[in-house]
Amino acid sequence: MLAVWAVSTLTMLVLAGALPDFRLQSRTGESATQIGVTAALGAGVFGLLSSLVWPLLVRALLLVPALVLGLLVFFLNGSLLLVALWISPSGQGEAAPETAVVVAAVMSAVASATGGALAVRDDDAYRRRLYRLADRRRRHAEGRPGPAGPGTLFLQLDGVGHDVLEAATEKGLMPTVATWLGRPSDGTLRPRPTHRPTHRLTPWRTDWSSQTGASQLGILHGTNHDVPAFRWYEKDRREVMVCNRPANAAELQRRAIDRTGDGGLLTVDGASRGNLFSGGADQLALVLSIAARRGRQNRSRAGYFAYFSDPANAVRTAMSFVADVLREIGQSTRARFAKQRPRVKRGGLYPFIRAFATVVERDVVVSAVIGDMFAGRAAIYADLVAYDEVAHHSGPHSRDTAKVLEGLDRSLALIAQVAEHAPRAYRIVLLSDHGQSPGETFLGRYGLTLGNLVRAGCGLPVPRRAQRTHSGAEARAAVRAALRIPVEEGVEEYRPTRRSEPIVLASGNLGLVSFPDVPHRMSREEIDARHPALLSTLANHPGIGFVLVRSEEHGGLVLGAHGAEIPVDELSDAHPGPLADFGPGAAEAVRRTHGFPHVADIMVNSWYDPADGEVLAFEEQIGSHGGLGGCQARPFLMSPLVLSDPVEDDEELVGAEQIHRVLRRWLREANGPQVPLAHTSAPQRGAGNRATSPDESAPAEEQNPADA
């Protein structure tokens, strides 16, 4: 603390000499000693006010949208500096309001950087600090029984496929992960590991809907039944369901709880951070399924307090946010001038959405996880969405995503260090919900969207100018929730108009076509009678791999090019028919989805090139996921060796529901929460139990020991 105070004093002296509207002496002049004393007192009072007043201000400002709070940081810091100069015993300080904002921002940033450097470079100081915070937590817990058994931390790296993780460890991008796996951490390919491994790496296979909504619902709540895609049309409700729309996320969670009969993986002493769903946890922060609620019980943004209660954190995050916006603008400009292919538009609000995912949400989620660990919670599940957001627009194997992976690895290293000083041992499980497959967009390759192709097959007029499709990235919904944008405005509800108007939706390289005026799932025979050319147009298009429809004669039917068709019941890995290029498990994934009540009239999976691993996204993404084809369906599960093997050597992990069963078994092995448990919170079904924030159970300083 003395070092930080000294650096702050020096910073104030330098700024007083550089800025004409900032003075540390009277207009008649003072001695150098008096100026130094004034600077020291001003820095001390400013630091004291920041420590005492700032947490109270941030708690009050939780009523303000989170990103607006980030902008207010600078002005509030400036106000605190003006107060500090006014009440300083020397009484010699003076600054214009706009200058005070600049001075306070620079001082906070320098103090944060100094504290961070000391913590990272001085292992003894860092260790002493962690012990001090751990002792403080133990004092708060005096008189209460300590945690029994080790805790389990599940960290989800959104969109990081098994192939990407393997490549990142080989290139030295993720030394922490490489060390856990007992591999060289410097990017060299030495034949023998430099460390004994502590973790094992296991690939797993997603369901047909290879996206966060289906995967995370299955992982946290044990079922993803009737989630055919990222977005789909439900005829009985006349509504398009979208996994990252808060009200729909709450409904999906309610359905899962009704189906399984228990609250979820995190029902007892659990914490859910940055996820679409609660998992039944009591401790919730940045959870989308509760963002649809309004009022005091909506604590989806409560995790912001744990991080922004430290003004140095707030300033640093704001500055990092600006830096990442500028980095994205530079990277996209370079890609445009280099005429890289494939490429999608990255202008508009995207640089800010990306910076939110790679900076703000990452910092807040990591801070919340650290608070949970010092609180000794038994089960924590957190999602870091940074890679997935950048990979959609830059590609899963780009230089842009390499930088993101490096940042994620640093977060893992910090969490691992904190785990050494938590009140209970923690077993860190690393996993992903899906991967990403590269490739051009369908629009870029053929000059029309899937919707326009369907309209052409129906004999309907096709707009001359193709409309851009929406991205399904999770970060967009998190931004809207943080800004308190009324996310339920513009809900996509469809009423039947002309009977020939189809609804066409895209989920990565998976397309869904529904006819809203027909209350049931249309059969092939009905579709052919209405639009004789539609199914053949789709099945024979070079950008489409296969089509799934219902047949009155055969039940489910898969259609391919050149008249190929095979009943779903006859599909197998030995006789895959049009699914031959999509690899093992494709037949079972299609057969399972065919049985969902809300599967679309026509399910369309794009073309896939097994040689290059490329797909054609129906959205504006050059790294996509959502259907079958390539690495998008092959995420990873990385578990400590002290836990039992996920599966036997001759078996394969298939589906998010099986991942849930494995994680639940590991919780039992740790003497942790005995799930499943009956879900008893009827008034809040679909959103877990009452959400409480980290600040309700631990002092603010304990929430983020590395940044306080």
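Computed over heavy atoms, backbone and side chain alike; hydrogens, waters and symmetry mates excluded. Note that the coordinates shown come from a computational prediction; the quantities given were computed from them, not determined experimentally.
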#### Entry: Which atom of G508 lies closest to which atom of S624, heavy atoms considered
CA-CB, 4.3 Å
#### Entry: Where E652 and Q658 come nearest, the two heavy atoms and their spacing
O-OE1, 3.8 Å
### Message
Check whether S437 reaches the backbone of Q632 with its side chain - one donor and one acceptor, N or O, closer than 3.5 Å.
### Response
yes
### Query
Listed by chain and number, what are the side chain to side chain contact (heavy atoms under 4.5 Å, CB included) partners of S644, not counting sequence neighbours?
R665, W666, E669
### Task
Verify, without hydrogens or angle tests, whether S398 (side chain) and G395 (backbone) share a donor-acceptor contact under 3.5 angstrom.
yes
### Within 6.0 angstrom of E648 CD, more than 12 heavy atoms from elsewhere
no
### Message
Restricting to side-chain hydrogen bond (donor to acceptor under 3.5 Å, both in side chains), what partner residues turn up for T358, sequence neighbours left out?
### Response
D324
### Task
Give the C-alpha distance, both sets of side-chain angles, the deciding distance and a yes or no for side-chain contact (heavy atoms from CB on, under 4.5 Å) between L153 and R427.
CA-CA 6 Å; L153 170 60; R427 297 169 174 177; over 6 Å; no
### Query
Taking all non-hydrogen atoms of both residues, which atom of A249 and which atom of C243 are closest, and how far apart?
CB-O, 3.7 Å
### Task
State which residues pass side chain to side chain contact (heavy atoms under 4.5 Å, CB included) with T206; sequence neighbours excluded, sorted by chain then number.
W204, S210, S215, H434, A633, P635
### Query
Could you walk me through whether Q436 and D388 pass the side chain to side chain donor-acceptor pair (under 3.5 Å) check?
CA-CA 8 Å; Q436 287 209 17; D388 189 63; 2.8 Å; yes
### Query
Would D433 and Q216 satisfy side chain to side chain donor-acceptor pair (under 3.5 Å), going step by step from the backbone distance to the final call?
CA-CA 7 Å; D433 49 347; Q216 199 177 86; 5.5 Å; no
### Heavy-atom pair with the smallest gap, counting every atom of T223 and R259
OG1-CD, 3.4 Å
### Task
Can you sort out the partners of P203 under side chain to side chain contact (heavy atoms under 4.5 Å, CB included), two or more places apart, ordered by chain and number?
H162, R634
## Note on the structure
Taken in chain and number order and not counting sequence neighbours, the residues that satisfy side chain to side chain contact (heavy atoms under 4.5 Å, CB included) with R410 are E406
### Message
Quiz question: by atom type and distance under 3.5 Å, do the side chains of R183 and T169 form a donor-acceptor pair?
### Response
yes
### Message
Keeping S507 on the side-chain end and F230 on the backbone end, is there a donor-acceptor pair under 3.5 Å?
### Response
yes
### Contacts of type side-chain hydrogen bond (donor to acceptor under 3.5 Å, both in side chains), residue T176, not counting sequence neighbours
D409
#### Entry: Nearest heavy-atom neighbours spanning H199 and I428
NE2-O, 2.9 Å
### Message
I'd like to know if the side chain of Y381 reaches the main chain of I219, judged simply by a donor and an acceptor atom lying under 3.5 Å from each other, with no hydrogens or angles considered.
### Response
no
## Note on the structure
In terms of heavy-atom contacts, G655 and D207 come closest through CA-OD1, 3.7 Å
